[in-house]
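A quick write-up on the structure given underneath.
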Amino acid sequence: MIYFLLFSLGLLIGSFLNVCIYRIPKNQTVVTTPSHCPKCNYRIKWYDLIPVFSYLFLGGKCRFCKEKVSIQYPSVELLNGSIYVWLYFIYSLSVQFFGMAFLASTLIVISFIDFKYSIIPNRIILVLLIGGIIYNILDKELTYVDSIAGFFAASFPLLVIAVLSKGGMGGGDVKLMAVAGIFLGWQLILLALFLASMIGSVVGIALIVLKIKKRKDLIPFGPFLAAGIFIVMLYGHEIIKWYLGFYT
């Protein structure tokens, strides 16, 4: 029962994440303006806002103008719902669960926005910063020193790269790793950076080999950072123990 409830909650919040993904890059409010079709401005009724099911029932189209609705909408909802269930399996209902669920949902928004627009908006970073501070106060297992060290551990190397590369690394990536470090601490955030670099390298090489991207094309790094963070969120401590096992 708890899995169903958490999955349903994830779907509902995923619907809100879609609003954030669409509106934040346009500097629109995500709170007061009712949901509407971007094509015909038809105000969407509540029964057309049921996550996933409304999309399937309407055949992925606007009820009024029949404009196609992006598959992104049910995908984000399903992804967020699945992540909540996965996190519960790892953390059960705890402070860690709610903190990691908040971080994961925010990473989804960041990933989709950065992939589409190559930006990580400051307003999302600010929300993460506030959330990280609250999480650090509530989580008794994460010390203030660890969070402060986590703030600088991965962000400072990225800042150096950003300065030396003169734009090769975005400021949003630096800020993302800084605030994520508050949630994870210095060990996990460094592992997240390593994993993100590995994933980004493999994907980048594959895109070049497949001639989808050229060598000089910039590829948004935010989604790879999000992937690295998500992996350590779930299995970071196990990965570190496995690695240290080679030296004992």
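Residue indices begin at 1 and follow the sequence shown.
Note on F89: it does not cluster hydrophobically with L5, by side-chain heavy-atom contacts below 4.5 Å among ILVMFWY residues. The cluster map of Ile, Leu, Val, Met, Phe, Trp and Tyr, joined by side-chain heavy atoms under 4.5 Å apart, puts I231 and Y84 in the same cluster. Under the 4.5 Å side-chain contact rule for hydrophobic residues, W186 and V145 do not share a cluster. When hydrophobic clusters are built by joining Ile, Leu, Val, Met, Phe, Trp and Tyr residues whose side-chain heavy atoms come closer than 4.5 Å, directly or via intermediates, F53 is not grouped with F7. Hydrophobic clustering of Ile, Leu, Val, Met, Phe, Trp and Tyr side chains at less than 4.5 Å, counting indirect connections, unites W242 with F194.
Applying side chain to side chain contact (heavy atoms under 4.5 Å, CB included) to S105 and the options L17, I83, V76, L79 leaves one that passes, L17.
No more than 12 heavy atoms of other residues, nucleotides or ligands sit less than 6.0 Å from atom CZ of F57. Y235 OH: more than 12 foreign heavy atoms inside a 6.0 Å radius. Counting heavy-atom neighbours within 6.0 Å of Y117 OH, excluding the residue itself, gives a total above 12. Within a 6.0 Å radius of CZ in R43, other residues, nucleotides and ligands contribute 12 heavy atoms or fewer.
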Item to check | Trace of the side-chain contact (heavy atoms from CB on, under 4.5 Å) decision for L188 with H237 | outcome: CA-CA 8 Å; L188 291 183; H237 293 294; 3.7 Å; yes
Checklist entry - Yes or no on side-chain contact (heavy atoms from CB on, under 4.5 Å) for L176 and L107, after CA distance, side-chain angles and deciding distance? => result CA-CA 9 Å; L176 170 59; L107 289 175; 3.9 Å; yes
Item to check | Stepwise side-chain contact (heavy atoms from CB on, under 4.5 Å) test for L225 and I110 | outcome: CA-CA 10 Å; L225 292 175; I110 287 174; over 6 Å; no
Checklist entry - Passes side-chain contact (heavy atoms from CB on, under 4.5 Å), M233 versus L87? Steps please. => result CA-CA 9 Å; M233 204 187 295; L87 289 172; 4.0 Å; yes
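Panel note: side chain D114, backbone G222; a donor-acceptor pair is recorded below 3.5 Å. E77 places a side-chain N or O within donor-acceptor distance of the main-chain N or O of V52, the cut-off being under 3.5 Å. Although no hydrogens or angles enter the test, the distance criterion places no donor-acceptor pair under 3.5 Å between the side chain of R23 and the main chain of Q28.
Side-chain contact between K214 and I208 is absent, with no heavy-atom pair separated by less than 4.5 Å. Side-chain contact between V232 and L195: present, with at least one pair of heavy atoms (C-beta onward) separated by less than 4.5 Å. In this structure, the side chains of S147 and Y144 stay at 4.5 Å or more apart for every pair of heavy atoms. The shortest side-chain heavy-atom distance between I120 and K175 does not fall under the 4.5 Å cut-off.
F151 CZ to L184 CG: the interatomic distance, rounded to the nearest 0.5 Å, is 13.5 Å. Between the SG atom of C20 and the CD1 atom of I13 there is a distance of 11.0 Å, given to the nearest 0.5 Å. Rounding to the nearest 0.5 Å gives a distance of 10.0 Å between CG of L142 and CZ of F183. Going from atom CD1 of I161 over to atom CG of D173 covers 10.0 Å, rounded to the nearest 0.5 Å. Annotation: the span from K241 atom NZ to L244 atom CG amounts to 10.0 Å, rounded to 0.5 Å. Put simply, CD1 on I124 and OG1 on T106 are 8.0 Å apart, with the number rounded to the nearest 0.5 Å.
Aromatic ring centres of W86 and F230 lie closer together than 6.0 Å. The six-membered or imidazole ring of Y135 lies away from that of F102, with a centre-to-centre distance of 6.0 Å or more. In this structure, Y73 has its ring center no closer than 6.0 Å to that of Y55.
The two atoms that bring I189 and A180 nearest to each other are CD1-CB, 3.8 Å, heavy atoms only. Among all heavy-atom pairs drawn from G14 and N80, the shortest one is N-ND2, 3.6 Å. Taking every heavy atom of both residues into account, A227 and I199 meet most closely at CB-CD1, 4.2 Å. Between E141 and Q96, the shortest heavy-atom contact is CD-NE2, 3.6 Å. When all heavy atoms are compared, the tightest approach of I21 to I108 is CD1-O, 4.4 Å. The shortest heavy-atom contact between P223 and P220 is CD-O, 3.6 Å.
Relative to the six-membered ring of Y22, K26 meets both conditions, a distance below 6.0 Å and an angle of at most 45° to the axis.
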